[in-house]
Structure formats: C-alpha cells, structure tokens
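Letters A, B, ... are given to chains in the order of the sequence lines, protein chains preceding strands, and every chain is numbered from 1.
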Amino acid sequence: MTSSLPTPAPSRTAPAPAEPPVLEVDDLAVEFRSRRRTVSAVNGISYSVRAGETLAVVGESGSGKSVGAQAVMGILDVPPARITSGQIRFRGDDLLTMSRKEQRAVRGPGIAMVFQDALSALNPVFTVGHQIGELFRVHRGASRGEAREKAIELMERVGIPAARQRVDAYPHQFSGGMRQRVMIAMAIALDPDILIADEPTTALDVTVQAQIMDLLSELQRETGMGMILITHDLGVVNEVADRVAVMYAGSIVENGTVDEVLAEPLHPYTQGLMASMPSLESHGDRLNPVTGTPPDLSAVPSGCAFHPRCPMARFGRAAAPGKDCARNVPVLREVVPGRTAACHYSEELEHE
Amino acid sequence: MSDPQPTTTDAPLLELRDLTKHFPLTQGIVFRKTVGQVRAVDGVSMTLNPGETLGLVGESGSGKSTVAKLVMGLERPTAGQILYKGRDITAMSARELRDYRRNVQIIFQDPYSSLNPRMTVGDIVAEAWDVHPNSVARKDRGAQVRELLERVGLRADYANRYPHQFSGGQRQRIGIARALALRPEVIICDEPVSALDVSVQAQVINLLQDLQDEFGLSFLFIAHDLSVVRHLSDRVAVMYLGGVVETGDRDAIYEQAAHPYTQALLSAVPIHEPALRGSRERIMLSGDLPSPADPPSGCRFRTRCWKAQDVCAEEVPELVDRGQGHPSACHFAESRDLVPGSA
C-alpha cells in the first residue's frame with residue numbers, strides 16, 4: 001500500500017489577500033496569577049489566519065505559543081489565567097466580549113483543536129465512536145445511530161483502517177498514530193473554519209509524523225479551513241506552513257512568510273534557532289546554537305527579553321540612541337515590506 | 001572526518017553478539033502463566049570501537065532502549081553475548097563486573113526523573129565515588145565535583161543546589177557530569193537530547209562532542225532523530241522491531257541507504273531549509289509498527305514494505321553486504337540517495 005509520491009511544488013503562495021482573515025488575534029495578553037507572583041505568559045500578540053492558509057507559531061517551551069492558542073480556543077484555566085487585554089475576532093466578531101454561551105455557539109462548530117497527547121486528550125472510558133459521535137449529538141442533534149454512522153464515516157476519512165469494526169474500540173486499543181487520527185476526526189467533525197494543531201506530531205515517530213502531517217494538509221485542501229500549527233520543529237514548519245510567527249518569552253519576535261523568515265531571518269533569535277538545527281544534509285560541522293536558556297517568565301529580562309542571549313545586543317554608549325537592548329523594548333515593526341521583526345538592529349541581518 | 005576503524009586495539013571495546021532479550025507475557029495473578037514472548041531484541045550484533053560514536057536509530061518499539069539496558073547490565077540477556085574487551089559480561093566475576101560498570105556509564109533521556117530530587121547536585125555527581133572509593137580520594141572530592149560541573153558548563157557553586165532549581169538543559173548537564181565522574185571509556189547516551197528545546201539541544205550536542213575529543217570517549221548514541229545521529233556518529237545501525245536492518249559508516253547509510261526502512265526513515269525527516277524543501281523524494285509508509293509479541297514471519301518489515309514479495313514472508317533476510325558496500329537485511333536491497341546536496 002505504500003506509494004512513492006512526487007513531492008509538492010516547493011514554492012508556496014498565500015491565498016489572495018483580498019479575502020478578510022477568518023481569525024484575527026489582536027494584542028492578546030494572558031497572565032497567570034498566584035498569591036506569590038504574576039507571570040505574563042503572553043504579552044500582546046497579534047496574528048491572523050485566512051481560509052486555506054497555515055500559520056505556524058514557533059517557539060521553545062515557555063514562549064507562550066500554546067497559551068495563546070488556548071486563549072483562542074477558550075480552554076484556559078481561569079483562574080489562575082486571565083486575559084488582560086486584546087481581541088480574538090472570528091469572522092469579525094470579538095469572542096472576548098460575548099457571553100460564554102455565545103462563545104460556545106461560535107467556537108463549537110467554528111474552531112477546533114488537535115492536542116499533542118492524544119491518549120490524555122481522549123476519554124479512556126468511552127469508545128472512540130461515542131466520542132466522535134458526541135459532537136453530532138450535541139451540536140447537530142443527531143440520534144445515536146446517525147452519530148455512529150457519522151463517526152464511522154469520519155474514521156474512514158482520516159485513514160483508520162477497518163473503521164466499522166474499530167468504532168467500538170477504546171482509545172488504549174489504538175496506536176499513537178491512530179489515536180492522533182481519532183483526534184483529528186473529532187476536530188474536523190463539524191467542518192471547522194479554523195483548526196488549531198498544538199504540537200500534533202511531537203509524540204510520534206518520524207514515519208508516523210509524516211503520515212499525520214500529510215493527512216492534515218490533505219484535509220485542509222479538501223475543506224479550505226485555516227490552520228494554526230503550534231510547534232517547536234522548524235522542519236515541520238518549513239514543510240507545511242505558509243506563514244510563520246516566531247515567539248520568544250511571550251511575544252512575537254518575527255513574522256513573515258516561511259520562505260522569508262527561515263531563509264533570511266530578521267531577528268537574531270530566529271537566526272540562532274536555524275543555526276541550532278543539525279540537518280540531514282550536513283556532516284559533523286559544529287553547531288552554532290543560541291547560548292543560555294529561555295528566561296523564567298516571572299523574571300523576564302528588561303528591555304529586549306532576548307538580550308542576555310543575543311550576539312548582537314548593544315548597551316549604553318555602544319547602542320544607538322533609544323536602542324539600548326537592556327533598556328528599550330523593541331517593538332514589532334515592519335523591517336521590509338510585509339515582514340515584521342522586534343529587534344532594534346534587524347537591518348543589519350537583512351543583507352547577510 | 002574521524003576514522004571509523006581506529007587501530008589502537010585489535011578487539012573492539014564493546015561487542016554485541018546475537019544479543020537477544022525476550023520478555024515473557026504473563027496472564028493471571030495467582031497462577032501466572034506465560035502466554036507469549038515480546039521479542040524486544042532479537043539477535044542483534046554490533047561493535048563499538050575506542051573513541052568512536054555508534055549511532056543507534058529506530059522508532060519506538062524497535063528495541064534500541066532495551067539494547068542500552070542490556071549493555072548497562074540492567075537486564076539480563078535471554079541469549080547472546082556482550083563482550084567488553086573480549087570478555088563476556090554475563091560470565092564476569094563480581095570484581096570484573098565492578099570494573100566494567102565503572103567504565104561504562106549512561107546518560108538518560110529524561111533529565112527530570114533521572115536525578116534524585118532529595119540529593120544535592122554535588123552528591124549526585126559524587127555518588128559513584130562511594131561505590132568505587134579508590135577512584136577519587138575523599139579529600140579531593142569537593143574539588144573534583146566543582147571541576148566536573150565547570151567542565152559541563154555549570155557553575156561550581158551549583159554543587160549545593162537541588163535538581164528542581166535547574167532547567168531541563170542544565171539537568172542534562174548534571175547527568176553528563178555524573179556519567180563522567182568515574183572517567184569511563186564508554187557512555188551510553190539514551191536519547192540524551194530529545195527532551196530539550198532546539199537551542200539547548202544544540203548546546204548539549206556540542207558539549208558531548210567536546211567531551212569525546214577531550215577524554216577519548218566512545219559513545220553508543222541512541223536516538224530517533226536522524227539529523228542528530230548523522231551529526232554525531234561515525235557509524236550507524238538502524239533497528240526495526242528488535243533487529244538491525246542496516247549498518248555501516250555514517251555517510252554510507254545516509255547517502256546510499258540500501259534497506260527500504262532506512263530509506264523511508266530518511267525520506268520522512270522534515271527539512272528546515274526553505275531552499276531544500278521538496279528536494280527529497282517522499283516515501284510514505286503505511287500502517288504502524290507490528291507488535292513485537294507477534295512479529296511478521298520472514299522479514300519483519302514486509303508488512304509495511306512496498307518491495308515485499310513472497311520470499312519476504314518465507315525467508316528471514318540476513319544482515320550481509322548485498323553489493324552496496326555495507327550490510328543490510330533486505331532481499332531486494334538497492335542503494336538510493338535520498339539526501340540531496342550531501343555529496
């Protein structure tokens with residue numbers, strides 16, 4: 001059953017920008033409060049996704065990439081989390097000003113999510129057929145029988161073999177890759193406009209990862225849904241995303257098309273990430289990684305959060321006026337048309 | 001590049017011969033009976049020479065971590081031998097085994113569960129010296145701990161702190177310092193960087209390379225990340241469902257992969273450079289790994305292989321050179337360069 005597929009055309013173009021974005025996140029900020037301290041997990045991030053487009057949100061652990069997505073999905077634990085500012089607009093309407101009931105009515109069929117750990121995201125005491133069918137019973141008022149048929153149909157669509165026999169199996173009876181397919185079946189059940197995939201393949205082996213990413217791309221082509229792909233893997237980003245937002249310490253530090261950002265980074269952090277990746281093509285040359293570790297979010301460095309690890313950082317008299325990396329916070333600004341970066345000295349990276 | 005066959009000794013440092021580990025599957029609580037065998041490792045042979053890195057690649061369930069446990073003496077093999085400088089470790093006297101254990105150390109994957117939360121970093125690093133009291137004199141231990149911590153890129157005064165005060169990357173450095181404490185010859189690295197963030201992962205990879213150069217260490221480097229393995233290894237062995245399907249010098253494996261499974265693995269690795277996107281042929285494997293309790297007859301890969309024919313179900317392919325210059329276990333082996341731009 002294996003096929004050698006010709007690879008897709010390497011160049012990617014985003015859909016015509018005339019169409020308004022389906023989802024817009026505008027200046028979103030999320031805090032976690034405990035009695036002892038307040039942690040700003042997300043500091044005013046903005047991004048948008050159009051129909052049929054894939055936006056990758058990349059960052060290391062603690063960068064806020066998942067918290068931002070959880071806010072969009074409305075699954076933050078409140079408290080301790082709190083959305084302190086911003087808008088999440090779905091088809092132009094701000095979700096954050098709606099009542100919980102209205103939010104549910106919009107998110108339920110409109111935005112779906114696939115999680116990293118399918119085993120803990122699925123309920124172990126219900127069959128997968130029950131869990132997939134539940135969506136149709138709750139949102140579409142389907143009967144048990146109809147829901148079951150729909151579940152089988154969806155399982156076939158996501159490539160689960162012998163779906164009719166396996167519809168009554170429990171999550172633990174599936175392999176990791178098949179469980180992730182069950183999760184995807186649940187996510188696409190109601191034909192969402194936006195699919196958020198939070199590290200969908202991180203726990204999977206590389207051959208299975210390729211299958212799952214292929215499935216997601218294929219479903220996206222069929223349905224025209226927009227996708228937010230949250231990942232730390234720049235390889236996956238390069239292979240499937242159209243645009244990418246790089247996050248560091250709760251902020252977006254660079255934003256642009258995948259080709260531009262990965263080939264010619266305009267932020268030293270993006271550049272450092274690329275230099276940290278050993279590639280299959282390279283022999284044992286020494287890697288040139290970013291030094292240090294990502295900051296503790298309760299004690300983010302002053303000025304540019306990246307400055308203690310940055311090879312380009314300038315302080316005091318060495319810095320241009322108003323561009324002291326330890327004092328002045330760099331704002332996300334347009335460095336070249338269509339590309340933004342949050343670094344005082346991005347121009348120096350432009351022609352490297 | 002490093003010489004894959006160092007000529008310091010005639011015998012390899014470590015040699016696995018037909019190593020086999022079956023775990024019994026039992027049923028019942030009072031009357032336990034064995035109902036089957038999980039063939040985690042089934043006839044694996046490989047050698048590790050002084051100063052080299054042998055990369056052991058495979059997906060989950062391939063048996064690569066069981067190999068690590070067998071080599072460490074944490075599990076007893078069902079059959080086969082583990083030879084250290086020509087001596088079988090299962091036949092060693094207690095004194096010889098002590099010497100073996102001193103010379104073969106391990107770095108674990110999970111930097112969170114592999115450090116005792118109730119011990120200080122200094123005690124964790126120094127613990128092995130209590131077992132081998134002759135290695136470092138008691139009065140020198142404090143200084144030695146500080147030196148080791150600095151060598152792995154930590155501050156010497158961290159010796160008094162506890163593991164929870166450190167990040168994942170720092171903990172992995174503590175684990176590396178602990179592995180170095182007895183000046184071993186071999187370090188088994190069981191997925192040492194797969195739990196780390198990209199930037200930290202690269203730092204630890206560089207540290208491992210430096211330590212190898214400085215101390216002349218041999219690494220058995222177990223990983224599922226083929227890019228990391230290519231970066232670090234002199235030779236590579238690819239495992240599938242308990243057996244080695246292909247082995248050879250690094251460049252031979254990556255540039256002339258002969259076994260379909262190796263080819264599929266290589267083709268599935270995502271490329272992170274936009275200029276190279278789409279330049280690699282994609283081979284999609286269907287299905288999942290079969291259960292090691294009930295492996296397919298003949299060639300174990302045949303259920304997912306696009307080249308499979310009748311002979312594959314009947315005859316187990318031997319791991320021998322089939323004209324590609326390095327051994328592979330496939331009846332229809334043929335080399336294929338799936339990694340463009342690597343020549």
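The main-chain N or O of B:P270 is never found under 3.5 Å from a side-chain atom of A:N238 such that the two would form a donor-acceptor pair.
Note that CG of B:D225 is 8.0 Å distant from CE of A:M277, once rounded to the nearest 0.5 Å. Rounding to the nearest 0.5 Å gives a distance of 8.5 Å between CG of A:L262 and NE2 of B:H272. The line from CG of A:L234 to CD1 of B:I271 is 13.5 Å long, rounded to the nearest 0.5 Å.
The part of A:Q209 that comes within reach of chain B is its side chain, from C-beta onward, which places non-hydrogen atoms under 4.5 angstrom from that chain. For A:M274, the parts lying under 4.5 angstrom from a heavy atom of chain B are both the backbone and the side chain. Using a 4.5 Å cut-off between heavy atoms, B:L289 does not touch chain A at all. For B:I205, the part lying near chain A is the side chain, with the backbone staying farther off; criterion is any non-hydrogen pair under 4.5 Å. For chain A, the nearby parts of B:S60 are the backbone and the side chain; heavy atoms of each come within less than 4.5 Å.
The residue among A:V261, A:L204, A:T293, A:T291 with the most heavy atom pairs within less than 4.5 Å of chain B is A:T291. Put simply, of A:G177, A:S175, A:G176, the one with the most heavy-atom pairs under 4.5 Å next to chain B is A:S175.
With contacts defined as side-chain heavy-atom distances shorter than 4.5 Å, the pair A:T207/B:R304 qualifies.
Across all their heavy atoms, B:N206 and A:L287 have their closest contact at ND2-O, 3.0 Å. For the pair B:D210 and A:R286, the tightest heavy-atom approach, listed with the atom from each and the gap, is OD1-NH1, 2.9 Å. Residues A:D205 and B:E59 share a closest heavy-atom pair of CB-OE2, 2.9 Å.
Contact residues of residues 195-203 of chain B toward chain A are B:D197, B:V198, B:S199, B:V200, B:Q201, B:A202, B:Q203 (heavy-atom distance under 4.5 Å).
By the 6.0 Å contact criterion, CD on B:Q165 is enclosed, its count of non-hydrogen atoms from other residues, nucleotides or ligands being greater than 12.
In this structure B:F219 satisfies the ring-ring contact (aromatic ring centres under 6.0 Å, His included) test with no other residue, sequence neighbours excluded.
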